[in-house]
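Below is one structure, written out as structure tokens; comments come after it.
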Amino acid sequence: MVLVFATNNDNKVKEVRAMLGNAFEIITLKESGIDIDIPEPHDTLEDNAREKSTVIYNMTGKNCFSEDTGLEIDALNGEPGVLSARYAGEQKEAADNIVKVLTNLQSQPNRKAQFRTVISLRLGEQEHQFEGICEGEILESTTGVKGFGYDPIFKPSGADRSFAQMEMSEKNSYSHRAKAFSKLVAFLKEQQPA
Ligand code: IMP
């Protein structure tokens with residue numbers, strides 16, 4: 001089965017491709033010849049994920065999936081959440097977002113946080129959603145240079161280092177996106193005739 005992954009984020013594509021068996025093939029927007037900034041106008045991850053998969057399904061007529069991810073921080077009442085990409089402004093700069101999180105958490109002993117991913121899968125007219133959560137904590141300062149986004153300040157529970165210190169395979173053994181994606185894969189396998 002071929003699925004279009006409705007994202008312009010190459011890091012997400014790499015992570016998801018690293019988890020793929022040979023049962024499915026993923027085509028990126030770039031590979032489909034699509035160059036648009038997909039809107040994220042809603043105030044929930046679920047609605048934004050649905051918006052993205054719907055826009056791309058309507059453009060391509062192909063089965064596709066999208067995902068929306070938020071970093072939800074306990075002491076900030078779940079912020080930045082659905083605003084994670086634009087937390088420090090419309091420039092969507094990871095470094096600025098990290099500074100804002102660390103500033104807002106200054107002197108805050110409760111560092112509990114979670115990443116939450118919602119995948120929206122469009123198979124024809126039907127939509128299915130899959131959620132993946134990774135609990136962890138926000139570090140006092142940036143640590144590591146791998147990964148992307150908030151990875152340098154997030155340490156998953158059970159790990160001794162940040163996502164940005166991990167190889168992709170190690171990050172995928174903890175990550176929100178990997179958990180949501182493995183649910184999608186299990187669902188698709190159930191749909192396919194034996
Ligand atoms: P979106 O799902 O692309 O809207 O991502 C929301 C924000 O969370 C962006 O700033 C991303 O860089 C960040 N983000 C998404 N997934 C991850 C991740 O796995 N690690 C760190 N940051 C992430």
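Whatever order the structure lists ligands and atoms in, that order sets their numbers, starting from 1.
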Classify the ring geometry between Phe163 and Phe115 as parallel (under 30°), tilted (30 to 60°) or perpendicular (over 60°). parallel
Would you say Pro80 and Ile73 make side-chain contact, with heavy atoms under 4.5 Å? yes
Do NZ/NE/NH1/NH2 and the carboxylate oxygens of Asp160 and Lys155 come within less than 4.0 Å? no
List every atom of ligand 1 that sits less than 4.0 Å from any heavy atom of Glu40, numbering the atoms from 1 in the order shown and giving each element. 4 (O)
Does ligand 1 have any atom sitting under 4.0 Å from a heavy atom of Phe163? no
With a cut-off of 4.0 Å, which atoms of ligand 1 are near a heavy atom of Glu67? 2 (O)
Ignoring angles and geometry beyond distance, decide whether Asn9 reaches within less than 3.5 Å of ligand 1 through its nitrogen or oxygen atoms. no
Which bit of Phe148 gets closer than 4.0 Å to ligand 1, counting heavy atoms only: side chain, backbone, both or neither? both
Whether the Ser162 and Thr143 side chains hold a donor-acceptor pair (N or O, under 3.5 Å, no angle test) is what I'd like checked. no
Give the atoms of ligand 1, by number and element, whose distance to some non-hydrogen atom of Thr69 is under 4.0 Å. 2 (O), 5 (O), 6 (C), 15 (C), 16 (N)
Need the ligand 1 atom indices (1-based, order shown) with element for anything under 4.0 Å from a heavy-atom of Lys12. 1 (P), 2 (O), 3 (O)
Per-atom filter on ligand 1: closer than 4.0 angstrom to a heavy atom of Lys171 are 18 (C), 19 (O), 20 (N)
Name the residue from Glu137, His176, Met166 that meets the side chain to side chain contact (heavy atoms under 4.5 Å, CB included) definition with Pro156. Met166
Residue and atom name of the nearest protein heavy atom (relative to atom 10 (O) of ligand 1), distance in Å to one decimal: Ala85 CA, 3.3 Å
Among all protein heavy atoms in this structure, tell me which lies nearest to atom 13 (C) of ligand 1, with the distance rounded to 0.1 Å. Tyr150 CD1, 3.9 Å
Judged by modelled atom types alone, do Arg122 and Thr54 share a side-chain donor-acceptor pair under 3.5 Å? yes
Do we see a donor-acceptor contact under 3.5 Å between the side chains of Glu40 and His42? no
Can you tell which of Asp68, Val118, Asp47 makes a side chain to side chain contact (heavy atoms under 4.5 Å, CB included) with Val82? Asp68
Could you list the atoms of ligand 1 found under 4.0 angstrom from a heavy atom of Asp151? 18 (C), 20 (N), 21 (C)
Would you mind running through ligand 1 and noting each atom that sits below 4.0 Å from a heavy atom of Asp68? 1 (P), 2 (O), 4 (O)
Looking at ligand 1, is there an atom of it that comes within less than 4.0 Å of some heavy atom belonging to His176? yes
Going by the order shown, which atoms of ligand 1 are within less than 4.0 Å of some heavy atom of Ser84? 6 (C), 7 (C), 8 (O), 10 (O)
Restricting to heavy atoms, the pick from Ala164, Ala49, Gly149 nearest atom 12 (O) of ligand 1 would be Gly149
Does a donor on one side chain sit under 3.5 Å from an acceptor on the other, for Gln129 and Glu127? yes
Got the closest protein heavy atom to atom 16 (N) of ligand 1, with its distance? Arg177 NH2, 2.6 Å
Which is it for Glu31 and Arg17 under the salt bridge (charged side-chain N to carboxylate O under 4.0 Å, His left out) test, yes or no, and what are the steps along the way? CA-CA 14 Å; Glu31 288 161 352; Arg17 279 203 166 131; 3.1 Å; yes
